[in-house]
Engineer: 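Quick one: the structure is below, and I'll ask about it shortly.
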Amino acid sequence: MKEIKRIPLEGLFNTRDLGGFSAADNRRIRPRRLIRSGMLRDMTGQDKETLTYTYGLKNIIDFRTTDEQSESPDPDIPGVQHISNPILESMTAGITHDEESDRQLSLGEATISMKERGIDPSAYMRQMYEDIITSEYALKQYRRFFNLLAAQAEGAILWHCSAGKDRVGIGTAMLLYTLGVDIDSIMEDYMMTGTFLQEEIDKIISGLSHRIKDSSALESIRICMGVKEEYLESVFGIMEQTSGSISAFLEEKVGVDPGKRDTLKALYLE
């Protein structure tokens with residue numbers, strides 16, 4: 001199984017090249033073509049050079065809401081096109097890892113409210129994933145994501161949200177499945193997000209601990225900012241329940257018909 005590593009960047013800690021995954025027909029995903037990431041705000045000048053010169057970055061697809069994009073715009077990179085493609089119409093607690101104090105407090109307040117209402121944070125996150133994969137708006141936006149991928153003739157394409165775990169996690173899982181990557185590898189890639197984000201999560205929890213003294217509430221926040229296999233398993237389960245199979249769901253709901261699948265394999269497999 002491919003060793004999953006992040007791209008060694010100075011300001012970005014959950015940015016990684018999907019190249020090297022074993023895929024359909026005994027082929028592998030081409031390196032320097034498909035890049036998943038979290039927020040790009042802290043990208044340094046050296047990071048820009050690495051992504052443009054080493055990886056040949058051509059397009060960035062932004063999965064964040066328009067409000068998120070306005071609050072923390074992606075940095076301008078010469079020669080790279082920014083494409084706004086919000087997966088959600090509005091913000092949801094547990095989605096963002098923005099370190100701004102008001103956003104941190106908003107997440108804290110939402111989590112405390114969950115606790116007061118007796119809502120289990122893991123169940124909340126699982127429901128959020130299920131809401132995304134059953135949302136007509138989100139599916140329309142994921143369909144556009146696949147159309148953009150199918151039009152990327154050369155160079156790298158990068159997609160990101162705020163943390164690079166939920167909206168990106170679902171989109172990446174669908175793409176890897178389409179390219180013929182096995183479920184275990186898809187899940188391993190998804191779960192590695194928790195490892196790459198651990199330092200950032202610890203930092204945010206530490207900042208919130210000065211204002212939120214309830215340790216169980218802080219643990220709930222940690223859960224909302226992390227990943228669990230059950231979240232992605234629920235997405236695949238809904239696909240199978242809805243359409244009979246994951247492939248059928250991707251064709252019916254996201255437009256990945258056999259022709260589109262063959263195009264993506266031709267572009268991204270070697």
Side-chain angles (χ1 to χ4, degrees), residues 2-20 31-88 91 94-107 145 148 152 155-169 171-172 189-210 221-222 224-227:
K2 162 185 160 67
E3 182 181 2
I4 300 171
K5 297 180 178 180
R6 70 179 191 89
I7 298 174
L9 301 170
E10 295 176 337
L12 309 179
F13 302 100
N14 189 26
T15 303
R16 52 199 197 260
D17 182 357
L18 298 181
R32 298 178 176 84
R33 290 285 277 143
L34 299 170
I35 301 174
R36 60 174 294 172
S37 184
M39 188 180 296
L40 304 181
R41 180 185 59 197
D42 296 327
M43 179 186 295
T44 67
Q46 181 58 54
D47 292 343
K48 291 182 183 181
E49 289 193 16
T50 298
L51 289 170
T52 53
Y53 293 112
T54 303
Y55 287 84
L57 183 62
K58 300 294 184 186
N59 290 306
I60 291 172
I61 304 176
D62 196 336
F63 281 178
R64 297 176 300 161
T65 65
T66 53
D67 285 345
E68 287 176 286
Q69 292 180 35
S70 296
E71 290 171 12
S72 295
D74 281 348
D76 290 327
I77 307 175
V80 178
Q81 181 183 9
H82 177 272
I83 302 167
S84 176
N85 189 50
I87 299 300
L88 301 174
M91 276 288 299
I95 284 286
T96 186
H97 278 221
D98 196 318
E99 294 177 19
E100 296 301 323
S101 59
D102 59 340
R103 186 64 59 73
Q104 283 189 21
L105 190 57
S106 174
L107 177 58
F145 169 55
L148 291 166
Q152 182 86 12
I157 187 166
L158 178 153
W159 57 98
H160 79 98
C161 51
S162 62
K165 72 180 184 79
D166 302 323
R167 291 164 285 188
V168 160
T172 302
D189 176 65
Y190 170 73
M191 291 300 294
M192 279 301 292
T193 298
T195 299
F196 293 132
L197 289 176
Q198 190 59 59
E199 183 177 339
E200 182 186 2
I201 293 172
D202 289 344
K203 181 178 170 183
I204 291 174
I205 294 295
S206 177
L208 287 170
S209 65
H210 299 297
I221 294 170
R222 186 180 294 278
C224 286
M225 301 186 83
V227 291

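Residue numbers count from 1 along this sequence. All of these numbers come straight from a predicted model, not from anything done at the bench.
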Engineer: With a 4.5 Å limit on heavy-atom distance, are the side chains of Lys5 and Met192 in contact?
Structural biologist: no
Engineer: Specify the closest pair of heavy atoms between Asn85 and Gln69, including all atoms of both residues, with the distance to one decimal.
Structural biologist: N-NE2, 4.5 Å
Engineer: Could you check if a side-chain atom of Thr50 sits within less than 4.5 angstrom of a side-chain atom of Tyr55, using non-hydrogen atoms only?
Structural biologist: yes
Engineer: Would you kindly say whether Thr193 and Arg36 are connected by a side-chain donor-acceptor distance under 3.5 Å?
Structural biologist: yes
Engineer: For Thr44 and Asp47, test the side chains for any donor-to-acceptor distance below 3.5 angstrom and give the result as yes or no.
Structural biologist: yes
Engineer: What's the separation between atom CG in Asp74 and atom CD in Glu68, rounded to the nearest 0.5 Å?
Structural biologist: 11.0 Å
Engineer: Taking all non-hydrogen atoms of both residues into account, name the closest pair between Arg167 and Thr65 and its distance.
Structural biologist: NH1-N, 3.7 Å
Engineer: Considering all heavy atoms of both residues, which atom of Phe145 and which atom of Gly171 are nearest to each other, and what is their separation?
Structural biologist: CE2-O, 3.9 Å
Engineer: Just wondering, do Leu34 and Trp159 contact through their side chains at under 4.5 Å, heavy atoms?
Structural biologist: yes
Engineer: Rounded to the nearest 0.5 Å, how far does CG of Leu51 lie from CD1 of Ile60?
Structural biologist: 7.5 Å
Engineer: Hey, what do you get for CG (Asn59) to CD1 (Ile83), rounding to the nearest 0.5 Å?
Structural biologist: 4.0 Å
Engineer: Using the side chain to side chain contact (heavy atoms under 4.5 Å, CB included) rule, take Asn14 and Glu200 through it: C-alpha gap first, then chi angles, then the decisive distance, then the call.
Structural biologist: CA-CA 10 Å; Asn14 189 26; Glu200 182 186 2; over 6 Å; no
Engineer: Please round to the nearest 0.5 Å and tell me the distance separating atom CE of Met39 and atom OG of Ser72.
Structural biologist: 4.5 Å
Engineer: Is Arg32 reaching over with its side chain to a backbone N or O of Thr54, donor-acceptor style, under 3.5 angstrom?
Structural biologist: yes
Engineer: Ignoring hydrogens, what is the shortest heavy-atom contact between Lys48 and Pro75? Give both atom names and the distance.
Structural biologist: CE-CB, 3.9 Å
Engineer: Roughly how far, to the nearest 0.5 Å, is CG of Leu148 from CD1 of Ile157?
Structural biologist: 6.0 Å
Engineer: At their closest point, which heavy atom of Ser37 faces which heavy atom of Thr15, and how far apart are they?
Structural biologist: OG-OG1, 2.7 Å
Engineer: Run the salt-bridge test on Asp189 and Arg16 with the 4.0 Å N-O cut-off and return the result as yes or no.
Structural biologist: yes
Engineer: Using only atom types and a distance under 3.5 Å, with no angle test, would you say the side chain of Lys165 pairs donor to acceptor with the backbone of Gly194?
Structural biologist: no
Engineer: Are the side chains of Leu40 and Leu158 in touch, meaning some heavy atoms are under 4.5 Å apart?
Structural biologist: yes
Engineer: Using only atom types and a distance under 3.5 Å, with no angle test, would you say the side chain of Arg41 pairs donor to acceptor with the backbone of Pro73?
Structural biologist: no
Engineer: Going by the salt bridge (charged side-chain N to carboxylate O under 4.0 Å, His left out) test, which pairs reach into residues 50-59, not counting sequence neighbours?
Structural biologist: none
Engineer: Roughly how far, to the nearest 0.5 Å, is the CD1 atom of Ile4 from the OH atom of Tyr190?
Structural biologist: 13.5 Å
